[in-house]
Amino acid sequence: MTRLTRRTALGLLGGTALTACAPAISTAQLGDDPFEGGIGGTGIVGLMTGSGSVLVNGLRVEVTSSTRIFDANRRGGDSMLVPGRTLTMLARARLGRFEAQRIDIDDPLTGILLRQGSGYSVNSTPVLGLTNAAANAGERVTVSGIWQSDGSVQASLLQSAPQGEDIVSGVLTGSASEGWRIGQTPLTPPPGRSLISSQFVVAKGQFTHGTLQVSSLDFGRFREGGSTLRQLSVEGYLEPVATAPGFRVAGLGHSFDQRLQLSGFASRRAVYFGPYTGRFVARRAVLLPDAPGQRASLLRPADGRNSARYLGGDQARSVPTR
């Protein structure tokens, strides 16, 4: 897989580590396999932490000639897959290896980078964790990263973006009477378009006068093969919601099983693993450090391994149930 050539990387935040390509091993040899053999479709949502194969959430997933890659629902290529990008992957276990069937690059924000107080924002949504970005203020950028519970984005990668539509990708909140938003970006939907709160949406349009004037909407994290999902791996922060079990992963759009007890993970960044039955039955949570370089190092599988050691042992905590 080649490195990014068509876009200029402005900064890989925190010194994310790269790894060399190494052969995947049989899932049967993994021991405490987070996907229990990968039966059915496997959904993986998280930040890419290494290249060679695609490394995400501590897992090594191979990109083949049949893997379909999309960037904001437009067909792309593997040169777009670089550490720090926000990925949604539909994978399968084939011949003992994880192979990506479809990869969606779901970076949270594309638009003009502006100074906001002592920090930065894109499309009115605060962007945290940027370093050495002052020279890029006023330019069009794409922000990779993960959503936080307050509607801000913790950035992992900043790239220059060509002229075109402004984009916000995340969970839709609000109502027709109160107004719609994703994160802290207000939205004006196309006339006559009905929206449903709590869905994951890729909204495109023009950000003007403090609002994204939406021209197109694409719904769902897994736009292809979602009905085949049997397992999920998701990286993120939790955000509180009114319905049981009281939390969801910020920016995901999938609800947890109502029996889970998640309060012990409420303030921590983590990778969650477990079955998907229409709700996410997370069985394990692996707490992650906030420092990007340390996190990437811990989530890097050793050569010849399919998963990082950090996913097992004392770091992997069972998610209690009622």
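The side-chain heavy atoms of V56 and L47, taken from C-beta on, include no pair separated by under 4.5 Å. Side-chain contact check for V319 versus R283: every heavy-atom pair is 4.5 Å or farther apart. Side-chain atoms of L114 and S121, non-hydrogen and from C-beta on, do get closer than 4.5 Å to each other. Considering only heavy atoms from C-beta on, F273 comes within 4.5 Å of V286 through its side chain. Between L232 and F222, the closest side-chain pair of non-hydrogen atoms falls below 4.5 Å. Annotation: side chain of W147 is in contact with side chain of I182 (closest heavy-atom distance under 4.5 Å). At least one side-chain heavy atom of V143 sits less than 4.5 Å from a side-chain heavy atom of L158. Counting heavy atoms from C-beta outward, V202 and L217 have side chains that stay 4.5 Å or more apart.
The nearest pair of heavy atoms linking L287 to Y310 is O-OH, 2.7 Å. Summarising the geometry of G145 relative to P108, their closest heavy-atom pair is O-CG, 3.5 Å, with the distance given to 0.1 Å. Among all heavy-atom pairs drawn from V61 and A91, the shortest one is CG1-CB, 4.3 Å. Listed here is the closest heavy atom pair of E239 and G251: OE2-N, 4.3 Å. Of all heavy-atom pairs spanning F256 and F247, the tightest one is CD1-O, 3.4 Å. The shortest non-hydrogen separation linking A72 to K204 is O-NZ, 2.5 Å.
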Q) Given L109 and V141, is the side-chain contact (heavy atoms from CB on, under 4.5 Å) satisfied, shown in steps? A) CA-CA 8 Å; L109 298 166; V141 299; over 6 Å; no

**Request:** Apply side-chain contact (heavy atoms from CB on, under 4.5 Å) to S307 and L59, showing your working.
**Result:** CA-CA 5 Å; S307 65; L59 303 170; 3.9 Å; yes

side-chain contact (heavy atoms from CB on, under 4.5 Å) between T110 and R140: does it pass, once the steps are laid out? CA-CA 7 Å; T110 295; R140 281 186 57 81; 3.5 Å; yes

Query raised in the report: Yes or no on side chain to side chain donor-acceptor pair (under 3.5 Å) for S198 and R248, after CA distance, side-chain angles and deciding distance?
Result: CA-CA 10 Å; S198 299; R248 68 183 176 196; 3.2 Å; yes

Checklist entry - Does the pair L311 and L299 meet the rule for a side-chain contact (heavy atoms from CB on, under 4.5 Å), with working shown? => result CA-CA 8 Å; L311 301 185; L299 291 176; 4.1 Å; yes

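Counted by atom type alone, N73 and D218 present one or more donor-acceptor pairs between their side chains at under 3.5 Å. Counted by atom type alone, T125 and T185 present one or more donor-acceptor pairs between their side chains at under 3.5 Å. No side-chain donor from either of S124 and R181 sits under 3.5 Å from a side-chain acceptor of the other. When only modelled atom types and interatomic distance are considered, T142 and D107 share no side-chain donor-acceptor pair under 3.5 Å.
Criterion: ILVMFWY side-chain heavy atoms under 4.5 Å apart, direct or through other members. Under it, V153 and F207 are part of a common hydrophobic cluster. Note: the hydrophobic cluster containing W180 does not contain V241 (ILVMFWY, side chain heavy atoms under 4.5 Å, direct or indirect links). Linking ILVMFWY residues whenever their side-chain heavy atoms come closer than 4.5 Å, directly or via other members, leaves I112 and V122 in distinct clusters. Transitive grouping of hydrophobic side chains (ILVMFWY, heavy atoms separated by less than 4.5 Å) keeps F200 and F70 in distinct clusters. Under a hydrophobic clustering in which Ile, Leu, Val, Met, Phe, Trp and Tyr are joined whenever their side-chain heavy atoms come within less than 4.5 Å, directly or via other members, V234 and V281 fall into different clusters.
A distance-only check finds no donor-acceptor pair linking the side chain of Y120 to the backbone of G129 [under 3.5 Å]. Remark: side-chain polar atoms of S156 are paired, donor with acceptor, to backbone N or O of G84 under 3.5 angstrom.
Here T208 contributes atom OG1 and N123 contributes atom CG; the two are 11.0 Å apart, rounded to the nearest 0.5 Å. Between the OH atom of Y237 and the CG atom of L288 there is a distance of 8.5 Å, given to the nearest 0.5 Å. To the nearest 0.5 angstrom, N306 atom CG is 7.0 Å from R60 atom CZ. For the atom pair Y276 OH and R230 CZ, the distance stands at 10.5 Å (nearest 0.5 Å). Taken to the nearest 0.5 Å, the CG atom of D150 stands 6.0 Å off from the CD atom of Q184. Here the CG atom belonging to D78 is positioned 9.0 Å from the OG1 atom belonging to T67, to the nearest 0.5 angstrom.
The pair D104-R221 does not meet the salt-bridge criterion, since no charged nitrogen lies less than 4.0 angstrom from a carboxylate oxygen. Between D106 and R223 there is a salt bridge, since at least one side-chain N of the basic residue sits less than 4.0 Å from a carboxylate O of the acidic one.
Within a 6.0 Å sphere centred on CZ of R115, heavy atoms belonging to other residues, nucleotides or ligands number more than 12.
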Name each donor-acceptor pair under 3.5 Å that joins a side chain in residues 258-272 to protein atoms two or more places apart or in another chain, with its distance.
residue : atom : partner : partner atom : Å
R259    : NE   : D257    : OD1          : 2.8
R259    : NH2  : D257    : OD2          : 3.0
R269    : NE   : E235    : OE2          : 2.9
R269    : NH2  : E235    : OE2          : 2.8

